[in-house]
Amino acid sequence: MSEATTDGPETLADDASELGAHPLTAQRLAKLERYRAAGIEPYPVGAFAPDVTAAELHADHADLEPGSSTGRVVRVAGRLVGRRDIGKLVFGVLQDETGRIQLFAQRQILGDEDLEGFRDLDIGDWIGVEGEVITTKRGELSVAVARFVLLAKSLRPLPEKWHGLQDVEERHRRRYVDLIVNERARDTAIVRSRIVRELRRAFDRRGFLEVETPVLQIEAGGALARPFVTHHNALDQDMYLRIAEELHLKRLIVGGLGKVYELGRVFRNEGLSPRHNPEFTMLEAYVAYADYHDVMNLVENVIVEVVDEVLGDRLATYQGDTLDFAPPWRRVTMLDAVADVTGVRFELSMDRDAAADLAEDLGIAVDPSWGVGKIVNEVFEEQVERTLVQPTFVYDYPVEISPLARAHRSEPGLTERFELIVAGRELANAFSELNDPLDQRRRFEEQQAARATGDEEAHPIDEDFLRALEYGMPPTGGLGIGVDRLVMLLTDQASIREVILFPAMRPERT
RNA sequence: GGGCCCGUAGCUCAACCUGGCAGAGCAGCGGACUUUUAAUCCGACGGUUCAGGGUUCGAAUCCCUGCGGGCCUACCA
């Protein structure tokens, strides 16, 4: 697009573009032209520097009597989001990144011409205002406008002032509008940032090294999921977006970095749902010399720290349930949890067909290829997980579904693995890491056999990772936390799309 | 991938079931008002009813297809 020129055949407002075509935007385009003709730059640079925020003003002048004058002259800047025009007097509402402050414009201060100019601003315009801090007769803290500057002209109307933007699709596609008009959207984004910051602080404080490992990988390992495929042109090599951080972080433990974590984006080529976005944020951490009991304590301590900082309270409301994060959290083996909820006692030593019969009696459809471990896990996921509302560590998972976890030190068929379940959903997954390279190779080969029979999510063999283990990895505890789900819990959001600023969506029609 | 539901003015919603001139509020426009708080009052304006097809004298409404979205389900964190 070329810039508008004075010798153009038509004015901007007559333009056949989308903005010119609609009356509401055409009016604003015309206003833009009038500003330029009058020597007012609608997009000035360096025009105004605010010296205070709305929140600071409210904090500084919390208890002023109605009708007060403070004598304090301030400069505030933000978006004009409301206006009440009373003739020779105009009230405006200015919104900055900290909140809102009322603007009080009256003729006896501004004069006729400038009051008219103030009245002529559109809702949505960015402005800077200089004036005295006062309270009105009704006691509303305000800036009495002595001077104002247009900082950026807004050409599109904002959604309805009371209901805001409700349409879910519009809120996600046009998140910038959602953030302007919906306080909840702003709060969620801010709380997410605080959660991420507190997670970092918690691991930093414990001496962990934050690292960054490849997103583009030759093999996508570390979890059981279908990857996104892309192609490196110069290498003429297909590559995968990572589905986990795990295998590279363990390589760093081999390398002698004793405590590492990564907080980053992982990608899984699976369906969208209120709890699944194809890219999501995972925090993984690994500690040399720790086992899964140590990691349980670590997870409990870290999450309690985050909850304390973010909520200031260990009780959280999630979708109508009250969650009590006060430690210690319940710890129960997977087999005990299944027995508690279903009344059926499974053992890994049981005959496979006997286990299948028990599961089918519970209404579980059992695939012929499943072993006892997979069958029990299915019962757990189908009937037990959703009942675990309060924070609960479920531990000792079957080896069959845990190809990267260490075999249990005393229980055959199990691994030293736990999941943290909150509000019926997995929030963290952790284990005593498998550091026996020969056992790891056998596990990979079993996965490979599953892949050969059509399981696209079976774990591929990563020869370089096996080589790293062959150099020797110390006993290590590792964990993964689903950050988006933690944010959902602490912001009481039912959908992952509410905690991801720009969730995945189909392209819109044009 | 399967099932159910939704799509009407810039925004929030009616009218759809039971086919008959598409209506409000907010925003915008014109006017009144020097203390409003979703300001108030008066006036005029604003529509590809998601798109395409079908049924019908007549379709926002009923049917079909497509597009987009939501929820459930499946996979998963």
Side-chain angles (χ1 to χ4, degrees), chain A residues 18-19 21-28 30-31 66-67 81-93 100 102-110 115 122-124 134-142 144 154-174 177-178 180-182 222-226 243-244 266-284 365 381-382 385 401 419-422 425-429 455-457 480-486 488 494-498 503 505-510:
Chain A
E18 188 185 348
L19 288 176
H22 194 283
L24 292 177
T25 46
Q27 278 167 12
R28 294 192 180 206
K31 194 175 286 186
V81 294
R83 182 179 49 224
R84 293 177 286 277
D85 188 341
I86 319 288
K88 311 267 183 313
L89 188 61
V90 180
F91 296 94
V93 180
R100 292 179 167 195
Q102 178 165 272
L103 305 175
F104 178 84
Q106 61 178 335
R107 183 173 66 174
Q108 62 197 63
I109 299 178
L110 275 175
L115 183 67
D122 286 309
I123 302 297
I134 62 160
T135 55
T136 60
K137 283 182 184 170
R138 294 287 180 85
E140 180 79 18
L141 189 68
S142 308
S154 171
L155 297 178
R156 289 181 182 270
L158 288 176
E160 215 247 6
K161 61 186 171 189
W162 186 243
H163 298 94
L165 185 63
Q166 296 295 322
D167 183 86
V168 173
E169 180 178 354
E170 273 307 283
R171 287 186 35 242
H172 295 162
R173 288 195 195 280
R174 244 62 74 183
V177 179
D178 191 29
I180 292 167
V181 299
N182 293 329
L224 307 179
R226 283 156 60 184
I243 59 173
V266 298
F267 306 84
R268 298 188 183 178
N269 205 339
E270 286 156 0
L272 285 73
S273 91
R275 283 166 292 283
H276 301 91
N277 197 64
E279 52 180 307
F280 61 100
T281 301
M282 176 107 88
L283 187 157
E284 291 194 31
E381 289 187 352
E382 287 294 314
E385 193 171 60
I401 55 157
E419 291 190 352
L420 171 62
I421 312 293
V422 185
R425 290 205 287 268
E426 178 186 346
L427 184 62
N429 180 25
D455 184 351
E456 285 185 66
E457 298 187 349
I481 295 174
V483 173
D484 310 275
R485 289 191 173 175
L486 179 60
M488 288 168 68
S495 170
I496 195 169
R497 291 186 209 100
E498 300 298 341
M505 301 191 78
R506 285 193 173 80
E508 58 184 324
R509 285 169 298 171
T510 50

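Worth saying up front: this structure is predicted, and the values here are computed from it rather than measured. Numbers restart at 1 for each chain; the letters A, B, ... are given by sequence-line order, proteins then strands.
- For the P atom pair drawn from C42(B) and C67(B), the interatomic distance equals 48 Å after rounding to whole Å.
- When heavy atoms are screened at a 4.0 angstrom cut-off, M282(A) is found touching no nucleic acid atom at all.
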With side chain to side chain contact (heavy atoms under 4.5 Å, CB included) as the criterion, how do H172(A) and E498(A) come out once you've worked through the C-alpha distance, each side chain's angles and the decisive distance to 0.1 Å?
CA-CA 8 Å; H172(A) 295 162; E498(A) 300 298 341; 3.1 Å; yes
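- P278(A) has its side chain out of reach of N269(A): every pair of non-hydrogen atoms, C-beta onward, lies at least 4.5 Å apart.
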Let me see the working for M488(A) and R275(A) under side chain to side chain contact (heavy atoms under 4.5 Å, CB included), right down to the final yes or no.
CA-CA 9 Å; M488(A) 288 168 68; R275(A) 283 166 292 283; 4.2 Å; yes
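- Backbone-only engagement by G164(A) is indicated by non-hydrogen atom pairs under 4.0 Å involving sugar-phosphate atoms exclusively.
- No side-chain donor-acceptor contact under 3.5 Å links R171(A) to the backbone of D178(A).
- Rounded to an integer number of Å, the gap from CG of L115(A) to P of U35(B) is 14 Å.
- Using a 4.0 Å heavy-atom distance criterion, R173(A) is classed as a sugar-phosphate-only contact.
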Pull out every protein N or O sitting under 3.5 Å from an N or O of nucleotides 23-27 of chain B, one pair per line with the distance.
residue: C26(B); atom: O3'; partner: K161(A); partner atom: NZ; Å: 3.1
residue: A27(B); atom: OP1; partner: K161(A); partner atom: NZ; Å: 2.5

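- A donor-acceptor contact closer than 3.5 angstrom links the side chains of H163(A) and E160(A).
- One P atom belongs to A24(B), the other to A44(B), and the distance between them is 11 Å to the nearest Å.
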What do the steps show when you test S142(A) against T136(A) for side chain to side chain contact (heavy atoms under 4.5 Å, CB included), and what is the final call?
CA-CA 7 Å; S142(A) 308; T136(A) 60; 3.5 Å; yes
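- Among the heavy atoms of the strands, none lies under 4.0 Å from E170(A).
- Using a 4.0 Å heavy-atom cutoff across all strands shown, E426(A) reaches sugar-phosphate atoms only and no base atom.
- Between the C1' atoms of C62(B) and C17(B), the separation comes to 11 Å (whole Å).
- Contacts of R174(A) with the nucleic acid, taken as non-hydrogen atoms under 4.0 Å apart, are absent.
- Rounded to whole Å, the separation between the P atoms of G69(B) and A59(B) comes to 30 Å.
- Looking at heavy-atom distances under 4.0 Å, N429(A) makes no contact with the nucleic acid at all.
- Contact annotation for P66(A): no contact, since no heavy-atom pair falls under 4.0 Å across all strands.
- Among the atoms of the strands shown, none is found under 4.0 Å from any heavy atom of R226(A).
- For the P atoms, the distance linking C50(B) with U37(B) amounts to 37 Å, nearest Å.
- Each of N182(A), I180(A), L158(A) was checked for a side chain to side chain contact (heavy atoms under 4.5 Å, CB included) with L165(A), and the lone residue meeting it is N182(A).
- In this structure, G43(B) and C29(B) make a Watson-Crick or G-U wobble pair, each of the two defining distances being under 3.5 angstrom.
- The nearest heavy atom of RNA chain B to K31(A) and to D484(A) marks one nucleotide each, and the one closer to the 5' end goes with K31(A).
- When the C1' atom is compared between G52(B) and A14(B), the two are found 27 Å apart, to the nearest whole Å.
- Counting non-hydrogen atoms under 4.0 angstrom, N269(A) reaches nothing in the nucleic acid.
- Nucleic acid contact class of R268(A) (heavy atoms, under 4.0 Å, all strands): base.
- Base engagement by S273(A) is indicated by at least one non-hydrogen atom pair under 4.0 Å involving a base atom.
- Pairs passing the salt bridge (Lys or Arg N to Asp or Glu O under 4.0 Å) check and including a residue from residues 82-92 of chain A, sequence neighbours excluded, read D85(A)-R119(A).
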